[in-house]
Q: 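This is the structure I have questions about; it appears just below.
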Amino acid sequence: MNSVLQHDLNNFENILEKTKQQGIDFLNNLENIPTSNKNSIDHSRELNELGLGSLAALEEFNERLAPLMVASSGPRYWGFVTGGSTPASIVGDWLTSIYDQNTQAVKAQGGVSALIEFETINLLLQLLELPKSFLGGFVTGATMSNFTCLGVARQWFGKQSGKDFAKNGITETINIFSATPHSSSIKTLSMLGIGSQNYTVIQTMAGNREAINVTDLEENIKNLSGKPFILISSAATVNTADFDDFVAISKLREKYKFWWHIDAAFGGFAAVSDKYKHLVKGWEGADSITIDCHKWLNVPYESAFYLIKEQHTALQIETFQNSNAPYLGNPLENFNYLNVLPENSRRLRALPVWFSLLAYGKEGFRDIVENNITLALHFGNALIEDESFELLAPIRLNNVCFTLKGDYNQEKVAQFLSELNDTGKVFMTPTVYQNKKGIRASFVNWRTTEEDIIIVIKEMKEVFSNV
Ligand SMILES: *Cc1c(COP(=O)(O)O)cnc(C)c1O
């Protein structure tokens, strides 16, 4: 063994001890760490011939890179839809690296990791009150989950006219309907060879809504004269957290033939709250659902899962079968994750979620979700009370979409937001909603409190008075 590696091997305990202490220091100080950082690095560093060893590498990391880390997992990072990491999720994440299992086949050496993944999906179905007719697996994010689900939908579409798109490529136009799809679904259409422009935009409901207009959807279905289609529906949209009407869509299932996909990356967690679960009523009727864990479940990146109805497993295997490896056996008999999703080798990605669910239970996640929604409402009220801001849409869940009050202030929105983010006290993202420049604050972090709202409103007033 190379002497540096040997030295590291002998020194494992000390190395991990130092790393642990650094983790504690960071996490205990998270709310004081800036949410943005303008400094940068010269990333042309040359590779050394002789290794430094872990501790010297850690020193260099601490000198050059650690100071640039932002508190994106902290309580006032409200940009995009960004979760944090609970203690239990970090335990699971660390142990995933330490045990370093390759999560593929159930009946292989180390098959327990695939069984842990089954168990975790089963726990998630209970959390979200979804039926066991869904099978699921872990991927890196909602984008890959949408890709997995829509990949199977593509295969289903071909099958309706006896075609096998997975084997022969796409040989006909695939009909896809959606009202306000997330950008990652559009990207998925591009990755799947369907084409990012090749979908029909269905109208949204009247009023200040992003949800699909089911009457317009049915008009479009009728124009297909019985041909199949894929519906990409939302739970929820990122700008205004609007939900499509899943009860109404379920009714359409009785009359028409379609693959129903729901992108529930963050909004699916409405299901854990008695107050908000009506928003996803009827979603169990879908063929496939996308849910992110690195958002509202507050586990570290990269964690999301797909749910696809068990009746579609054969189509799923046709789509993802790693067919060049016959020694892997009959894919239906010998279940192997590499035959049902994009990756082959995979870490034990379910473990942080497994730990989180056991550690905090249903009530823990109900509390996180309901607290975040209450905070979104309080932040919204504070904005309404302040004469400088106005909401662009009602607050339906955890996202607040607002802007500077008055059309004359539209050109100041970008400057205001950039100066606000530069304070490092809070981070939000720009958006455009109904042709107006706006700002979006999304509440998904388990650590956020009322105190944070007070801090942010104070910063916002100060920045506004200077732009
Ligand atoms: C965040 C998000 C995605 C993309 O998720 P990644 O985890 O970044 O891949 C897709 N759909 C919705 C509704 C989202 O909020």
Side-chain angles (χ1 to χ4, degrees), residues 72-73 77-85 89 93 124 128 136-151 153 176 178-192 196 199 204 209-212 230-244 246 260-271 276 279-280 283 286 288-307 341-343 346 349-350 352-353 369 372-373 376 393 395-401 427-431 433 440-445:
S72 52
S73 59
Y77 196 93
W78 302 346
F80 310 98
V81 182
T82 307
S85 307
S89 74
D93 198 68
L124 285 164
L128 301 170
F138 278 82
V139 287
T140 48
T143 304
M144 280 316 283
S145 176
N146 283 332
F147 177 82
T148 307
C149 295
L150 293 174
I176 297 179
S178 192
T180 316
H182 186 265
S183 54
S184 67
S185 283
I186 310 301
K187 172 173 169 172
T188 286
L189 296 184
S190 147
M191 293 195 290
L192 285 167
S196 58
Y199 72 99
T204 52
R209 299 294 303 272
E210 290 184 298
I212 199 165
I230 295 167
L231 174 66
I232 304 174
S233 58
S234 292
T237 59
V238 282
N239 262 337
T240 69
D242 207 353
F243 289 72
D244 291 344
F246 302 137
W260 178 15
H261 175 64
I262 302 177
D263 181 347
F266 67 94
F269 287 97
Y276 294 97
L279 293 168
V280 291
W283 70 328
S288 58
I289 301 178
T290 282
I291 299 186
D292 247 331
C293 298
H294 54 221
K295 288 177 182 163
W296 231 342
L297 208 72
N298 281 271
V299 308
Y301 293 111
E302 308 160 338
S303 184
F305 61 103
Y306 63 81
L307 294 171
L341 45 68
E343 298 107 328
R346 278 185 322 143
R349 197 170 279 139
V353 176
V369 165
N372 283 148
I373 297 172
I395 298 165
R396 303 187 175 94
L397 201 70
N398 60 324
N399 287 357
V400 182
C401 188
F427 195 90
M428 304 185 202
T429 22
T431 191
Y433 181 67
R440 216 157 50 73
S442 180
F443 293 80
V444 272
N445 190 290

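Indexing begins at 1, ligand by ligand and atom by atom, following the structure's order. This one's a predicted model, so the numbers in the text were calculated from it and none came from an experiment. FYI, the numbering just counts along the sequence from 1.
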Q: Suppose we measure from atom 11 (N) of ligand 1 to each protein heavy atom; which comes out shortest, and what is that distance?
A: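 I find the closest protein heavy atom is D263 OD2, 2.6 Å.
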Q: Could you pull out the closest heavy-atom pair between S234 and F246, with the gap in Å?
A: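 That would be O-CZ, 3.4 Å.
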Q: Between N372 and N398, is any side-chain donor less than 3.5 angstrom from a side-chain acceptor?
A: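 No, no side-chain donor-acceptor pair sits under 3.5 Å.
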Q: Would you mind checking which non-hydrogen protein atom is closest to atom 3 (C) of ligand 1, with the distance to 0.1 Å?
A: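 Sorting protein heavy atoms by distance from atom 3 (C) of ligand 1 puts H182 CE1, 3.2 Å first.
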Q: Establish, from distance only, whether the side-chain atoms of R396 and T240 form a donor-acceptor pair under 3.5 Å.
A: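 Indeed, the side chains of R396 and T240 share at least one donor-acceptor pair under 3.5 Å.
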Q: For A304, which part has a heavy atom under 4.0 Å from ligand 1: side chain, backbone, both, or neither?
A: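 Neither part.
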Q: Can a donor-acceptor pair be found between the side chains of T431 and N239 at a distance below 3.5 Å?
A: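 T431 vs N239: donor-acceptor pair found between side chains.
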Q: To which of M144, K295, E302 does the heavy atom nearest atom 2 (C) of ligand 1 belong?
A: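 Selected option, by shortest heavy-atom distance: K295.
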Q: Run the numbers for me: atoms of ligand 1, each under 4.0 Å from some heavy atom of S184, listed by number.
A: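 Near S184, the atoms of ligand 1 are 3 (C), 4 (C), 10 (C), 11 (N).
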Q: Mind checking the OG1-OH spacing from T140 to Y301? Nearest 0.5 Å is all I need.
A: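 If I round to the nearest 0.5 Å, the distance is 12.0 Å.
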Q: Suppose I only count heavy atoms of G141 and a 4.0 Å limit; which atoms of ligand 1 are within that range?
A: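 The atoms of ligand 1 under 4.0 Å from a heavy atom of G141 are 7 (O), 9 (O).
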Q: Relative to the heavy atoms of H294, which atoms of ligand 1 are at a distance of less than 4.0 Å?
A: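 Counting from 1, the qualifying ligand atoms are 7 (O).
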Q: Are S303 and H294 linked by a side-chain donor-acceptor pair shorter than 3.5 Å?
A: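 There is no such pair (donor and acceptor under 3.5 Å, judged by atom type) between the side chains of S303 and H294.
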Q: Under 4.0 Å from a heavy atom of D292: which atoms of ligand 1 are those, numbered in the order shown and with their elements?
A: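 Ligand 1 atoms under the 4.0 Å threshold to D292: 1 (C), 5 (O), 6 (P), 7 (O).
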Q: Please tell me whether T237 and E210 have a donor and an acceptor in their side chains that are separated by less than 3.5 angstrom.
A: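 Note: T237 and E210 side chains meet the donor-acceptor criterion.
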Q: Pull out every atom of ligand 1 sitting under 4.0 Å from any heavy atom of V238, numbered as shown with elements.
A: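 The atoms of ligand 1 under 4.0 Å from a heavy atom of V238 are 15 (O).
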Q: Between ligand 1 and A236, can you find any atom pair, the residue atom being a heavy atom, that is separated by under 4.0 Å?
A: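 Heavy atoms of A236 do come under 4.0 Å of ligand 1.
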Q: Say you draw a straight line from CD1 of I232 to CG of D244; how long is it, rounded to the nearest 0.5 Å?
A: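 Nearest 0.5 Å value for the CD1-CG distance: 11.0 Å.
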Q: Give the residue and atom name of whichever protein heavy atom lies nearest to atom 9 (O) of ligand 1, and the separation in Å to one decimal.
A: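 Closest protein heavy atom to atom 9 (O) of ligand 1: T143 OG1, 2.6 Å.
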Q: Counting heavy atoms only, which part of F266 comes closer than 4.0 Å to ligand 1: side chain, backbone, both or neither?
A: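 Side chain only.
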Q: Pick one: which of L124, L297, L128 meets side chain to side chain contact (heavy atoms under 4.5 Å, CB included) with I291?
A: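 Running side chain to side chain contact (heavy atoms under 4.5 Å, CB included) over L124, L297, L128 with I291 returns exactly one hit, L128.
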Q: I'd like to check which ligand 1 atoms, numbered from 1 as shown, lie under 4.0 Å from a non-hydrogen atom of A265.
A: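 Within the 4.0 Å cut-off of A265, ligand 1 contributes 2 (C), 11 (N), 12 (C), 13 (C), 14 (C), 15 (O).
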Q: One residue to check: A142. Relative to ligand 1, which of side chain, backbone, both or neither has a non-hydrogen atom less than 4.0 Å away?
A: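 Near ligand 1, A142 shows its backbone as well as its side chain.
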